[in-house]
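The block underneath contains the structure these notes are about, expressed in structure tokens.
The figures here come from the full heavy-atom set of this structure, side chains too, leaving out hydrogens, waters and symmetry mates. Bear in mind that the values here come from a model prediction, so they are computed numbers and not experimental data. All ligand and atom numbering here is 1-based and tracks the order in the structure. We count residues from 1, following the sequence as given.
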Amino acid sequence: MEHQEFNEVKQVKEHESKLLSQDKVENLIQQAQEAKVSAYCPYSKFRVGAALLTTSDCVFTGCNVENACYNLGICAERVAISKAVSEGHNKFKAVAVASDMSDQFISPCGACRQFMREFGSDWLVYLSKPDGTYLEMTVNQLLPVSFGPDDLSMNKVAN
Ligand SMILES: O=c1ccn([C@H]2C[C@H](O)[C@@H](CO)O2)c(=O)[nH]1
Ligand SMILES: [Zn+2]
């Protein structure tokens, strides 16, 4: 097998080994839908919930939290990630996102994509609808050609 072809097969296998079972995805989406109930969104009235699965199989949830000073509002995804990191968890397998939109999959904003990317590019994001259907994407698919910790010289292994 050609070297490049071998690497492609290896990458596909690595990716497949990181995918969650249908049961686990459905469970994570369910937790995101439950987290959505706590959304504090008196201004947009757009409820969002997120459920973040760590590599140690803990789940941290989050909802959007808005503010009378509109620009201070924070998204569900960043709340969930901040809760996890502040409790000592910063390695993630997946995050599920849920909203009330039945006609389209909720998709994380640019700020949240960059916030996710800080903790790796090859973990999974499940964009869901209220009926439980979902799209599976990687952080890299949502934010290709990204800027991350390794791009800072202070974080490089060797110069
Ligand atoms: O993926 C998303 C998209 C939007 N919002 C929030 C931000 C704001 O409170 C409201 C409307 O944009 O929804 C999230 O929490 N996550
Ligand atoms: Zn966001």
Side-chain angles (χ1 to χ4, degrees), residues 14-16 18-152 154-155:
E14 271 171 13
H15 178 67
E16 281 171 357
K18 285 178 183 147
L19 297 184
L20 301 192
S21 67
Q22 179 91 355
D23 268 13
K24 283 195 175 162
V25 177
E26 283 169 10
N27 186 269
L28 204 60
I29 289 172
Q30 170 79 34
Q31 292 185 77
Q33 288 173 344
E34 283 165 19
K36 182 183 72 178
V37 175
S38 302
Y40 177 77
C41 52
Y43 310 107
S44 72
K45 306 223 168 26
F46 188 86
R47 303 187 304 167
V48 184
L52 177 68
L53 180 66
T54 71
T55 54
S56 52
D57 279 330
C58 295
V59 174
F60 290 86
T61 62
C63 62
N64 51 333
V65 183
E66 297 184 348
N67 194 278
C69 179
Y70 285 11
N71 59 333
L72 293 184
I74 182 166
C75 299
E77 298 91 322
R78 276 178 286 155
V79 169
I81 292 171
S82 300
K83 280 171 68 177
V85 173
S86 66
E87 305 256 337
H89 298 258
N90 59 18
K91 293 188 175 61
F92 308 127
K93 277 187 198 167
V95 63
V97 191
S99 83
D100 294 313
M101 293 190 295
S102 49
D103 54 338
Q104 67 186 83
F105 297 99
I106 176 72
S107 186
C109 79
C112 288
R113 293 175 192 210
Q114 181 67 29
F115 213 78
M116 290 171 188
R117 189 265 168 267
E118 180 70 19
F119 305 102
S121 283
D122 64 350
W123 53 290
L124 301 164
V125 185
Y126 292 94
L127 317 179
S128 77
K129 285 184 188 174
D131 66 3
T133 54
Y134 61 85
L135 277 183
E136 178 184 74
M137 306 199 70
T138 61
V139 171
N140 187 54
Q141 284 172 320
L142 286 169
L143 191 69
V145 204
S146 64
F147 183 80
D150 294 341
D151 297 310
L152 295 173
M154 60 195 266
N155 287 338

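Close approach of ligand 1 to E66 (heavy-atom distance below 4.0 Å) involves ligand atoms 8 (C), 9 (O), 10 (C). Less than 4.0 angstrom separates some heavy atom of S44 from each of these atoms of ligand 1: 10 (C), 11 (C).
Ranking protein heavy atoms by distance to atom 6 (C) of ligand 1, first place goes to N64 ND2, 3.5 Å. Atom 1 (O) of ligand 1 has its closest protein heavy atom at E77 OE2, 2.6 Å. For atom 7 (C) of ligand 1, the closest non-hydrogen atom of the protein is C75 SG, 4.0 Å. Protein heavy atom closest to atom 15 (O) of ligand 1, with residue, atom name and distance, is A76 N, 2.9 Å. Ranking protein heavy atoms by distance to atom 5 (N) of ligand 1, first place goes to V48 CG2, 3.6 Å.
Note: M116 CE to S121 OG = 12.0 Å, rounded to the nearest 0.5 Å. Summarising the geometry, atom CH2 belonging to W123 is positioned 11.0 Å from atom OG1 belonging to T138; distances are rounded to the nearest 0.5 Å. For the atom pair C63 SG and Y40 OH, the distance stands at 11.5 Å (nearest 0.5 Å).
The two residues F60 and C58 make their nearest non-hydrogen contact at CE1-CB, 4.0 Å.
Residue P108 forms a side chain to side chain contact (heavy atoms under 4.5 Å, CB included) with just one option from V139, L143, V48, V125, and that option is V125. Tested against L52, the residues V95, V79, V97, V59 include a single side chain to side chain contact (heavy atoms under 4.5 Å, CB included) partner, V95.
The shell of residues lying under 4.0 angstrom from ligand 1, judged by heavy atoms, includes P108. By the 4.0 Å heavy-atom criterion, S107 is counted among the residues contacting ligand 1.
Put simply, atom 12 (O) of ligand 1 has no protein non-hydrogen atoms near it, under 4.0 Å away.
Salt-bridge formation is not detected for the pair K129/D103: no Lys NZ or Arg NE/NH1/NH2 atom is positioned less than 4.0 Å from an Asp or Glu carboxylate oxygen.
In terms of polar-atom proximity, I106 is not counted as a contact of ligand 1, lacking any N or O under 3.5 Å from an N or O of the ligand.
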For this session: Apply the test side chain to side chain contact (heavy atoms under 4.5 Å, CB included) to residues V85 and F92: give CA-CA distance (whole Å), side-chain angles for both, the deciding distance (0.1 Å), then the verdict.
Result: CA-CA 10 Å; V85 173; F92 308 127; 4.1 Å; yes
